[in-house]
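Please read the structure below before turning to the comments.
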Amino acid sequence: MTPLQRVRENPEKVREMLEARGFDAPLDRILELDRKVRDLRAKKERLQAERNKASRGGPPSDEVKRRMREVGDQIKAIDAELGALEIELNEKALWIPNEIDPRVPRGKDENDNKIIRKDEPKKLDLTPKPHWDVGESLGILDIPRAAKLSGSRFFALRGAGAALERALIAWLIDIKIPHGFVEVSPPFVTRKETLVASGHLPHFDENLYRDEDDDVWLIPTAETQLVSLHRDEVIPVERLPVRYVAYTPCFRREKMSAGRDVRGMKRVHQFDKVEMVVFCLPEDSPDQLAFLNERAIEAVERLGLPVRVAERCTGDLGFTALRGFDVDVWAPGVEEWLEVSSTSDCGSFQAERAHVSFRRAAGKALEAPHILNASGLGMSRLYAALVENYQQRDGSLVIPEPLRPYMGGRDKIAPGEFTL
RNA sequence: GGAGGGGUGGCAGAGCGGUCGAAUGCGGCGGUCUUGAAAACCGCUGAGGCUUUCGGGUCUCCCUGGGUUCGAAUCCCAGCCCCUCCGCCA
């Protein structure tokens, strides 16, 4: 059921959902527009039916022609009014978020999320320094020079520090493949339709970089690309669930959070991420959600980092999710849990926007599959947590076991190796 | 950037401005035949909206948006996308 149908059917329920999510949408105007549009359409269709009847067969009499000219004018007049209303209705309807799964805990913001698991911090034999100190003294992280190139909220990696990130990306993709994910390498720029389909437009608008000349946008996440990969397609039912994993950089303007988290790698304009997206049968999505969440947790565990898992409450759910979980990593230097994955069951919401469908059997009606997404994982915060957890008394950095094969067997980065 | 070609139903591929939502073939579904299957033959087979006394009725959609016309898949204009060749470049 589309958001507009939900509003029409039960506006109060949608109003409660908006309240619970902390979002706003012009419901009254939407209802008013919907009534007007339906009314005008009925009027228009009656006239069209008359015209169709008259123009069937052959050339009509001059008398009929004259009358049909009038009918045509009336249709045109209705169109003039209807067109603008339809455009406004469609635009406004895009502001209605998804439904909420009844199991989701109620709450205002992330402080009300339901903690499911919380590890103890790793025992370290030193007073942990924040990642920018560790990284910059090793010469593997360079924030000042990145600022020179691109402004604040960017970072550059050097030497084995750059290789470390590359290793993380490759390893994170590789551990997904045995679980039935197909690797995708999508374009990093995208179009408006793609962002609307995934639900990032219109409401995420001010967080997106764009090129006005060509109307192309930098992707805020691979999710947009993976969701639209099958836009306007019917997926053969026997292929479900379809699982994709993709590495891409992610670009975010972070206008909303100006002044917050400006230090270090926690909140940056460009970061790398390995993303998972699943298309599945509607009845499978709870299992798939748990499965994706496990994939995120698995990655953090195998890197030997302390994990916190929480179910997001209604107020922290976001625009598109029915239900979702966050996976955080403890970063002892900044003394914070850093979110490295967010898992969402978007139900049929994105599939409806993107016109992705499937058919249970030949002859059966088209249905919208459920689409889920999860980071697996987001690089810069993971990198920060990793640097802070693996820093040593002598100033060196130990490379976690699983990544060593990806770094030519290197097991640590020593002071002085890459400083300049 | 320059020159040309093209966008029609799941696919292929027709379509004089007037019962064209669209021929035909393939595919799919159902049936006949068969111990079973194949082949052959017969029938059915796009999506969405509104409405319904659930029989149906009606509208829209032939890339998109405008225009011409009593009437547009068919004519005109603009745009988008794809393909081929040339140039430039990684």
Side-chain angles (χ1 to χ4, degrees), chain A residues 1-11 30-94 96 185-197 201 210-218 224-225 228-240 242 249 279 348-369:
Chain A
M1 189 167 3
T2 66
L4 186 57
Q5 287 170 320
R6 283 191 277 123
V7 173
R8 203 182 284 154
E9 196 166 276
N10 193 343
I30 286 169
L31 284 164
E32 184 192 354
L33 285 166
D34 187 50
R35 265 194 305 275
K36 281 189 184 166
V37 162
R38 278 144 60 93
D39 189 56
L40 283 174
R41 260 188 214 153
K43 213 180 281 178
K44 179 182 167 185
E45 283 179 15
R46 275 195 297 276
L47 293 169
Q48 282 174 322
E50 189 181 343
R51 182 171 72 181
N52 287 344
K53 207 170 290 172
S55 65
R56 259 192 285 264
S61 68
D62 289 352
E63 167 62 26
V64 171
K65 278 190 195 173
R66 199 163 343 103
R67 244 197 26 247
M68 286 307 112
R69 214 185 317 248
E70 275 170 35
V71 168
D73 289 343
Q74 288 174 42
I75 291 174
K76 230 170 249 179
I78 290 174
D79 270 336
E81 195 180 347
L82 184 59
L85 294 176
E86 280 176 329
I87 288 168
E88 191 188 345
L89 177 60
N90 292 338
E91 279 172 356
K92 294 255 187 331
L94 289 175
I96 305 167
S185 178
F188 302 160
V189 298
T190 198
R191 318 204 314 180
K192 195 179 285 164
E193 294 86 338
T194 305
L195 292 160
V196 168
L201 281 178
R210 75 209 64 184
D211 173 58
E212 304 276 1
D213 290 341
D214 291 347
D215 194 30
V216 294
W217 307 57
L218 295 180
T224 61
Q225 306 296 68
S228 272
L229 210 53
H230 296 298
R231 193 165 80 222
D232 300 321
E233 290 183 27
V234 179
I235 299 179
V237 66
E238 67 274 11
R239 305 294 298 189
L240 296 176
V242 174
F279 299 73
S348 59
F349 189 77
Q350 291 178 324
E352 279 163 358
R353 285 191 173 218
H355 304 121
V356 182
S357 51
F358 74 96
R359 215 187 284 277
R360 287 187 193 268
K364 290 277 192 290
L366 290 171
E367 288 180 60

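The basis for the numbers below is simple: all heavy atoms, side chains too, and nothing from hydrogens, waters or symmetry mates. Quick caveat: nothing in here was measured; it's all calculated off a predicted structure. Below, chain A is the first sequence line, B the second, and so on; all start at residue 1.
- A:Asn52 has a side-chain polar atom (N or O) that falls below the 4.0 Å cut-off from OP1 or OP2 of B:C59.
- Classification of A:Glu9 and A:Arg6 as a salt-bridged pair fails, no side-chain N sitting under 4.0 Å from a carboxylate O.
- In this structure, B:G66 shows a glycosidic angle more than 90 degrees from zero, which is the anti conformation.
- Rounded to whole angstrom, the span from the NZ atom of A:Lys36 across to the C1' atom of B:C50 amounts to 20 Å.
- What separates CD of A:Glu45 from P of B:C61 is a distance of 11 Å, to the nearest Å.
- Using modelled atom types, one finds a donor on one side chain and an acceptor on the other under 3.5 Å when comparing A:Gln225 with A:Thr190.
- Salt-bridge check for A:Glu81 with A:Lys36: failed, with every basic side-chain N at 4.0 Å or more from each acidic carboxylate O.
- One interatomic measurement links the two molecules: CD of A:Gln48 to P of B:C70, which rounds to 17 Å at whole-angstrom precision.
- Whole-Å rounding puts the A:Arg51 CZ to B:U19 C1' distance at 16 Å.
- The NZ-P distance, from A:Lys44 to B:U51, rounds to 17 Å in whole Å.
- For B:C70, one of the phosphate oxygens OP1 or OP2 lies less than 4.0 angstrom from a side-chain nitrogen or oxygen of A:Arg69.
- Nucleotides B:C86 and B:C76 have their P atoms positioned 31 Å apart, rounded to a whole Å.
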